[in-house]
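Atoms within a ligand are numbered from 1 in the order they appear, just like the ligands themselves.
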Amino acid sequence: MKKMFINGEWMEASSKETRDIINPYNQEVIATATEGNEVDVKLAIAAAREAFDQAEWPSIPAIRRGKIVHGIADLIERDHAELAELESLDTGKTVEESRGDMDDIAGVFRYFAEMADKDGGEMIDSPIPNSTSRVVHEPVGVCGQITPWNYPLLQASWKLAPALAAGNTLVMKPSEITPLTSVKIFELMEEAGVPPGVVNLVLGSGARVGAELSANDDVDLISFTGGIETGKKIMQAASSNVKILALELGGKNPNIVFADAAFDTAVDQAMNAVFFHAGQICSAGTRLIVEESIHDDFINALVDRVKKIKLGSGFDKSTQMGPLISEEQLNKVSNYVETGKQEGATVAVGGGRPDDPELQNGFFYLPTVLTNCTTEMRVVQDEGFGPVITVEKFTTEEEAVRLANDSIYGLSGGVFTNDIAKAERCVRKMRMGTVWINDVNLYFPQAPWGGYKQSGIGRELGKTGLEEYQETKHIFQNLKPEPVNWF
Ligand SMILES: NC(=O)c1ccc[n+]([C@@H]2O[C@H](COP(=O)([O-])OP(=O)(O)OC[C@H]3O[C@@H](n4cnc5c(N)ncnc54)[C@H](O)[C@@H]3O)[C@@H](O)[C@H]2O)c1
Ligand SMILES: C[N+](C)(C)CC=O
């Protein structure tokens with residue numbers, strides 16, 4: 001039984017309800033998790049509140065907090081193989097991808113561990129005679145953290161590491177369908193010496209655990225990664241006590257390919273942009289925008305390679321793409337492609353489930369390329385969150401940028417060209433939080449991550465990722481106090 005971690009103790013939900021955790025490759029039950037509700041999350045929030053207000057964790061020297069966060073990274077490296085396998089079992093992604101995630105995750109804990117004691121505040125040149133003025137950063141308090149199923153531990157690490165380094169206490173709610181690595185990281189945080197009550201884990205649904213965490217007045221900050229509609233609900237709930245809010249939402253990310261780009265690299269990267277983790281990536285380059293003069297050759301080359309993508313178990317070394325996460329997601333992607341067909345898109349390859357008998361129990365969908373797409377189509381505007389690329393054409397640089405920006409989202413985008421001045425002009429006009437020139441889907445702890453427009457509010461990672469978990473305080477000191485005699 002996968003349990004919750006509240007106030008330093010592993011426990012079952014008060015209701016004793018449970019949930020089966022399903023392997024998306026074959027629908028086998030791989031674990032049973034206790035299913036929390038409002039009662040459990042209130043208990044966890046009370047523990048986090050007390051741990052913060054007693055102030056042991058927020059007030060220990062930051063260098064000691066940093067050492068504990070480094071210790072968590074050490075344990076992730078020690079248990080790297082086990083964590084990667086758990087993540088693949090739970091999500092269906094290839095073990096190779098999960099290993100890469102675990103490297104990134106250890107790096108995120110190290111990055112924020114190093115930052116913990118580097119902020120000594122800032123002196124301000126006070127305009128008032130005989131005074132000092134300085135700015136210090138302090139932890140925000142109790143943080144609620146809600147994560148999605150597509151990168152369960154990676155998205156959790158982007159929240160846990162900075163929150164801890166900055167001296168906060170927290171309650172995390174992972175996706176109810178992929179809790180395995182989140183449970184494991186809480187075991188590792190306990191082993192690393194994080195004091196009781198500082199980190200709390202509540203398992204359960206968004207509608208019950210997530211909603212309570214977002215609305216509860218004892219929570220000072222809510223950090224959410226997930227879909228846009230859930231983000232809007234959380235924003236409303238968080239208004240109850242004017243919580244600090246950080247939202248990492250969806251994307252519908254353009255990938256512009258100019259005729260002068262290195263052709264084979266651009267084809268290769270157009271695939272990397274979207275077929276990792278079966279396209280279930282917020283920053284997946286699902287909108288391919290290709291210059292008309294190379295469009296037909298580009299699509300032919302792309303389709304040739306897409307046909308060869310090997311689907312299968314994430315544990316099979318020859319597998320290049322695993323299943324979708326759930327039946328619900330499979331239906332969503334199938335309906336999305338059907339919508340595209342009705343709108344006039346052409347299926348150049350894929351467009352359905354594979355007929356390989358070995359894949360019938362898994363939630364597999366073929367890698368798919370839809371051509372003849374135009375910006376107003378739903379398939380070009382909606383986040384499908386599956387292995388599907390839509391292809392649009394352009395003739396001028398201005399048109400390419402205009403198409404790329406024609407979206408409610410603004411998470412990420414790519415530009416492929418050998419003309420660096422053109423690339424620079426384009427990326428400066430693209431309204432997205434991350435833009436790549438001649439590359440796709442790269443992120444690392446040192447650089448901020450987040451969205452423009454409806455892709456979110458705030459930034460994770462980088463210096464800003466720590467600041468998200470800090471309050472800013474101005475301290476003014478009168479060095480020569482005496483009566484003012486105004487009244
Ligand atoms: N911007 C990013 O960095 C980023 C990263 C990963 C995923 N995502 C986005 O996440 C989405 C896929 O993940 P998902 O399907 O798990 O998203 P989701 O919004 O359905 O669920 C995310 C989390 O929110 C919880 N939740 C659901 N309803 C809730 C409510 N009313 N109140 C509080 N919590 C609630 C869920 O239980 C889950 O833990 C995609 O849109 C993807 O683009 C964004
Ligand atoms: C943020 N990222 C790219 C790691 C995962 C998005 O789904």
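Atom 3 (C) of ligand 2 has as its closest protein heavy atom S283 OG, 3.4 Å. The single protein non-hydrogen atom nearest to atom 15 (O) of ligand 1 is W149 NE1, 2.8 Å, given as residue, atom name and distance. The nearest heavy-atom contact from the protein to atom 9 (C) of ligand 1 is G226 O, 3.2 Å. For atom 31 (N) of ligand 1, the nearest non-hydrogen atom of the protein is K233 CD, 3.8 Å. In this structure, the protein non-hydrogen atom closest to atom 6 (C) of ligand 2 is C282 SG, 2.3 Å. For atom 13 (O) of ligand 1, the closest non-hydrogen atom of the protein is P148 CB, 3.4 Å. If you check which protein heavy atom lies closest to atom 5 (C) of ligand 2, you get Q155 OE1, 3.2 Å. For atom 2 (C) of ligand 1, the closest non-hydrogen atom of the protein is C282 SG, 3.4 Å. Of all protein heavy atoms, the one closest to atom 17 (O) of ligand 1 is G227 N, 3.4 Å. Taking atom 23 (C) of ligand 1 as the reference point, the nearest protein heavy-atom neighbour is T147 O, 3.5 Å. What sits closest to atom 24 (O) of ligand 1 on the protein, heavy atoms only, is F224 CE1, 3.1 Å.
Interface of Y443 with ligand 2, defined as ligand atoms under 4.0 Å from a residue heavy atom, comprises 3 (C), 4 (C). Against a heavy-atom cut-off of under 4.0 Å, N150 is close to the following atoms of ligand 2: 6 (C), 7 (O). Atoms of ligand 1 lying under 4.0 Å from at least one heavy atom of I234, given by number and element, are 32 (N), 33 (C), 34 (N).
When only interatomic distances are considered, the shortest N/O to N/O separation between L249 and ligand 1 falls below 3.5 Å. Checking only distances, Q155 never comes within under 3.5 Å of ligand 1, N or O to N or O. At a 3.5 angstrom cut-off on N or O pairs, E176 counts as close to ligand 1. For ligand 1, the polar-atom distance check finds no N/O of S455 at less than 3.5 Å from any of the ligand's N/O atoms. Below 3.5 Å of separation, one finds an N or O of G206 facing an N or O of ligand 1. Geometrically, ligand 1 and T230 share a nitrogen or oxygen pair separated by less than 3.5 Å. Checking only distances, E383 does come within under 3.5 Å of ligand 1, N or O to N or O. In terms of polar-atom proximity, defined here as any N/O pair under 3.5 Å, I228 makes no such contact with ligand 1.
Using a 4.5 Å heavy-atom threshold, the side chains of I21 and T32 count as separate. Between C143 and D220, the closest side-chain pair of non-hydrogen atoms is not below 4.5 Å. At a threshold of 4.5 Å between non-hydrogen side-chain atoms, the residues L201 and V183 count as touching. Residues L288 and L302 have side chains in contact (heavy-atom distance under 4.5 Å, counting atoms from C-beta outward).
Residue G456 places every heavy atom at 4.0 Å or more from ligand 1. Residue F385 places a heavy atom less than 4.0 Å from ligand 1. At least one heavy atom of P174 sits closer than 4.0 Å to an atom of ligand 1. In this structure, W449 is part of the shell of residues with a heavy atom less than 4.0 angstrom from ligand 1. In this structure, A211 has a heavy atom closer than 4.0 Å to ligand 1.
Within the 4.0 Å heavy-atom criterion, neither part of S283 lies near ligand 1. Of all the heavy atoms of W158, the ones lying under 4.0 Å from any atom of ligand 2 belong exclusively to the side chain.
Crowding of R378 atom CZ: a count of heavy atoms from other residues, nucleotides or ligands under 6.0 Å not exceeding 12. Counting non-hydrogen atoms of other residues, nucleotides and ligands closer than 6.0 Å to CD of E327 gives a total of 12 or fewer. Remark: E50 CD is loosely packed, at most 12 non-hydrogen atoms of other residues, nucleotides or ligands lying under 6.0 Å away. Applying the 6.0 Å contact sphere to CZ of R431 captures no more than 12 heavy atoms from other residues, nucleotides or ligands.
The presence of a protein heavy atom under 4.0 Å from atom 26 (N) of ligand 1 is confirmed.
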Ring pair (Phe, Tyr, Trp, His ring centres under 6.0 Å) between W158 and Y443, worked out: CA-CA 12 Å; W158 291 15; Y443 45 87; 5.8 Å; yes
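Taking the six-membered ring for Trp and thresholds of 30 and 60 degrees, H277 and Y151 have ring planes more than 60 degrees apart, a perpendicular arrangement.
For the pair K317 and E96, the salt-bridge criterion is not met [side-chain N within less than 4.0 Å of a carboxylate O].
Taking all heavy atoms of L411, D101, L154 into account, the minimum distance to atom 4 (C) of ligand 2 is reached by L154.
Distance alone, capped at 3.5 Å, is enough to place a donor-acceptor pair between the D40 side chain and the S14 backbone.
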